[in-house]
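Okay, structure first, notes after.
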Amino acid sequence: NGLFYHSEMNYSFEKYHMHNKTVKALAQGVKIMHVFEDEWKNNRPLVEAMILHRLGLDAEKIDARKCDVVEIDKPAVRRRFFAENHLDGDVKAKKTWGLVHDGKLVAVLSLRKLQYRKGNCLEVARFATLRGTNVRGALGKLMKHAKKFCKENGVGRIVTYVDRRIGEGEAYETVGFTKSKQAYYRFWWTDRKTY
């Protein structure tokens, strides 16, 4: 998706164009992944890895049951992993766990305080697997530790958000999340000079 043609600068652009396009495609059994021009330009290897993952063509496949869970208490480790393996990079987190396979960090999940609401609740800030690696069962294994942490610390529930331009959140439903409502797409600002 080119930035000009998917922006307010292009007045013919329908406000919920991508949402409507996604819904129509899903009704026909087609899954769409929307990639913006700046993501393709600045983070192409990760975008290509995400596409290969959706096609089931990851270079490496690992079962989470063969991985060890570790608590990641060094923010630099978390920051680097998400910078290299999550399209949105890293965000500040309260707690982070990872899966290690043969001495290599292959999946990471972090929790943070809610950004837009108050309550006795934590949010899945980020979840990612190592680029080019399908870690089957990673989300479920890491969520068990997140749920245990929340129970031990009196946290009532865990919430998460799914960016529908990237996916539909099936993995979250598989590990026990329930879809409660739908928000529309996020937006970004650009000066049209720096991407």
Side-chain angles (χ1 to χ4, degrees), residues 33 36 38-39 42-43 45-47 49-50 53 58 62 64-189:
M33 180 177 158
F36 285 109
D38 60 321
E39 294 167 330
N42 299 330
N43 214 346
L46 178 56
V47 173
M50 291 170 69
H53 178 74
D58 296 289
I62 300 169
R65 70 178 183 273
K66 295 181 179 178
C67 298
D68 296 317
V69 177
V70 295
E71 184 174 330
I72 298 174
D73 53 6
K74 294 181 180 176
V77 173
R78 182 198 73 229
R79 281 193 296 266
R80 182 174 180 182
F81 188 88
F82 286 130
E84 295 173 357
N85 299 291
H86 195 287
L87 198 55
D88 289 333
D90 181 48
V91 292
K92 187 176 178 182
K94 181 178 183 76
K95 203 74 169 169
T96 306
W97 298 271
L99 294 181
V100 174
H101 183 263
D102 290 338
K104 179 171 59 174
L105 191 60
V106 295
V108 176
L109 180 136
S110 64
L111 295 179
R112 68 178 173 184
K113 293 180 182 179
L114 287 176
Q115 297 297 297
Y116 305 107
R117 292 187 276 170
K118 292 184 178 181
N120 185 21
C121 187
L122 289 176
E123 173 188 346
V124 174
R126 294 287 186 265
F127 168 72
T129 58
L130 184 66
R131 185 185 312 179
T133 307
N134 180 356
V135 187
R136 296 174 288 230
L139 181 60
K141 189 165 186 171
L142 291 170
M143 280 304 302
K144 284 182 185 176
H145 287 268
K147 289 175 184 177
K148 181 180 177 197
F149 170 80
C150 288
K151 186 175 183 180
E152 290 171 353
N153 290 278
V155 177
R157 63 190 182 115
I158 302 172
V159 300
T160 192
Y161 296 89
V162 174
D163 188 343
R164 290 191 70 206
R165 67 185 187 89
I166 302 298
E168 291 299 308
E170 298 98 331
Y172 285 109
E173 291 182 83
T174 300
V175 299
F177 282 90
T178 304
K179 183 178 177 180
S180 62
K181 65 179 180 176
Q182 180 177 307
Y184 286 98
Y185 292 104
R186 303 176 292 164
F187 61 91
W188 296 264
W189 297 100

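Atom NZ of residue Lys179 and atom OG1 of residue Thr160 lie 13.5 Å apart, to the nearest 0.5 angstrom. To the nearest 0.5 Å, atom CG of residue Asp102 and atom CD1 of residue Ile62 are 7.5 Å apart. For the atom pair Met50 CE and Arg131 CZ, the distance stands at 10.5 Å (nearest 0.5 Å). Interatomic distance, Leu109 CG to Leu142 CG, rounded to the nearest 0.5 Å: 5.5 Å. Distance check, rounded to the nearest 0.5 Å: CD of Glu123 to NZ of Lys113 gives 13.0 Å. Atom CG of Leu105 sits about 11.5 Å away from atom CG of Asp68, to the nearest 0.5 Å.
In this structure, Asn134 and Thr129 have side chains that are not in contact, with every pair of non-hydrogen atoms separated by 4.5 Å or more. A 4.5 Å side-chain heavy-atom check between Ile158 and Met143 finds at least one atom pair inside the cut-off. The closest side-chain heavy-atom distance from Val155 to Asn120 is below 4.5 Å. The closest side-chain heavy-atom distance from Trp97 to Leu111 is below 4.5 Å.
In terms of heavy atoms, Val162 sits closest to Gly167 at CG1-O, 3.4 Å. Closest non-hydrogen pair, Phe149 versus Leu122, comes out as CE2-CD1, 3.9 Å. Shortest non-hydrogen contact noted between Phe81 and Val108 is CD2-CG2, 3.4 Å. Across all non-hydrogen atoms, the minimal contact from Ser110 to Thr96 is CB-OG1, 3.5 Å. Contact record, Val135 with Val106: CG2-O, 3.6 Å, taken as the closest heavy-atom pair. Between Arg112 and Lys92, the closest heavy-atom pair is CB-O, 3.6 Å.
Among residues at least two apart or in separate chains, side-chain hydrogen bond (donor to acceptor under 3.5 Å, both in side chains) pairs with a member in residues 135-149 are Asp63-Arg136.
Remark: of the listed residues Arg80, Arg79, Arg78, Arg126, Arg78 is the sole one forming a side-chain hydrogen bond (donor to acceptor under 3.5 Å, both in side chains) with Asp90.
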